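Just so we're clear, the structure is a prediction, and the values are computed from it rather than from any experiment. Along the sequence shown, residues are numbered consecutively beginning with 1.
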Amino acid sequence: MLLARLGHDVVVVDQALFPSDTVSTHSIARSGVVQLRRWGLLDAVLRSGAPANRQVTFHALGDSVSRPVKLKAGIDFVVAPRRYVLDAIVASAAERAGADVRPGITVTAVRRDGRGRAVGVYGRDRAGAPIDIGARYVIGADGLQSRVARSVGAATSEVRQADGATQYAYYAGIPWTGTEFFVGARSLAGVFPTHDGEACIWVCNPSADAKAVRRRTASRAEAFCELLERSAPQLAERLRRARRTSPVSGRLRMPNQIRQAFGPGWTLVGDAGYHRDAVTGYGISDAFRDAEFLAVALDHALGADAEETAALTLYQQQRDQTLREIFEITCHLAAYPAVPAFIELQKQLSAAIDKQAEVLAARPVPGERLLITA
């Protein structure tokens, strides 16, 4: 979307057909909401029915504290739109900007020239017909198991412990007052209100704990209920009056890792380039920030404002420097220290997110002239 707004010829291929869902608790922090507003997409997200969550409640050590989301960086709420809604909104915006969005295409490999430079992708459509698309740059925004990263041999520059698990499901039938967090021993659970009166109910804990509960229960749903009962008994009690509207989803042993961000003719962004445990709920906000860093860097390289290696080195430096504070906090939270230390880390996380939001809000908007006239 941003590259198209900057005047570049962009082809977007995605294995999914929109709208489609994916594994995600889909909370967008203040910094991510800032990006949606700057890019002109926030109104569409709110019109879709995603509630503006203006209250946050922390439950810990026997106390519950509710506070309004303070006005910072021009934002006084957070949102948690379902991914099948959010992704369709962003894909439509990319099309309106002039990008050629081609859903239903699976990339099978990156095409290389005789010097090893990425010059396009090979793939197939849903009918199995081969696809061959040439490009000056191939951007891998294809998630943790990135086919682009594997195809180009992107190195993993940093790997930390990967012991965290997240399970979630959707519930309806009771009122939700806003975002909620329940801090317990070796666990964090929560509520993210979303579309149609539903909420994403989730619980994070060490993978060993999640696997132990699953082994002694008859189903994933039963295991999820037991984890909630242990982690957030108040929430579990409330959910007995609600109805679960989805299967239980989630992941075990979520990596905390950073990959090489670019090479000859290719770049990585989002989870393909940097993945962190879901305990901080920051994946979408990270991806939004880094997408803009990358779009600006490629605009400079494509427009001859900067030499390619210099422009993309700056992108990697910006990404790595900006992610560092929250990455470190995430790794510490994913180790599940004692509750008082966990709460202190949550306070540090909140301050770090607010700092990023202020910095992003002050940046010039890529392709702003096109955005104004669209």
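A salt bridge links Arg238 and Glu180; the closest N-O separation between the charged side-chain nitrogens and carboxylate oxygens is under 4.0 Å. With respect to the salt-bridge test (charged N to carboxylate O, under 4.0 angstrom), the residues Asp76 and Lys70 do not qualify.
Applying the side chain to side chain contact (heavy atoms under 4.5 Å, CB included) test to Arg160 and every residue at least two apart in sequence or in another chain returns Glu158, Asn256, Arg324, Phe327, Glu328, Cys331. In this structure, the side chain to side chain contact (heavy atoms under 4.5 Å, CB included) partners of Val13, at least two apart in sequence or on a different chain, are Val11, Arg102, Ile105, Val107, Ile133. The side chain to side chain donor-acceptor pair (under 3.5 Å) test applied to Arg124 returns no partner, not counting sequence neighbours. Applying the ring pair (Phe, Tyr, Trp, His ring centres under 6.0 Å) criterion to His275, with sequence neighbours excluded, gives no partner residue. Phe288 pairs by the ring pair (Phe, Tyr, Trp, His ring centres under 6.0 Å) definition with Trp39, not counting sequence neighbours.
A side-chain donor-acceptor contact under 3.5 Å links Arg38 and Gln35. The closest side-chain donor-acceptor pair between Glu198 and Thr245 falls under 3.5 angstrom. For the 3.5 Å distance criterion, the side chains of Gln356 and Arg289 qualify, holding a donor opposite an acceptor.
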Sequence neighbours excluded and cut-off under 3.5 Å, please list the side-chain donor-acceptor pairs for residues 14-22, or say none.
residue	atom	partner	partner atom	Å
Asp14	OD1	Ala16	N	2.8
Asp21	OD2	Arg82	NH2	3.0

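For Trp266 and Tyr137, the ring centers are positioned 6.0 Å apart or more.
Summarising the local packing, CZ of Arg115 is surrounded by 12 or fewer heavy atoms from other residues, nucleotides or ligands at distances under 6.0 Å.
You'll find the side chain of Leu3 reaches within 4.5 Å of the side chain of Ile139, heavy atoms only. Side-chain contact between Ser146 and Leu268 is present, with heavy atoms from C-beta onward closer than 4.5 Å.
Here the OG1 atom belonging to Thr322 is positioned 10.5 Å from the OH atom belonging to Tyr274, to the nearest 0.5 angstrom.
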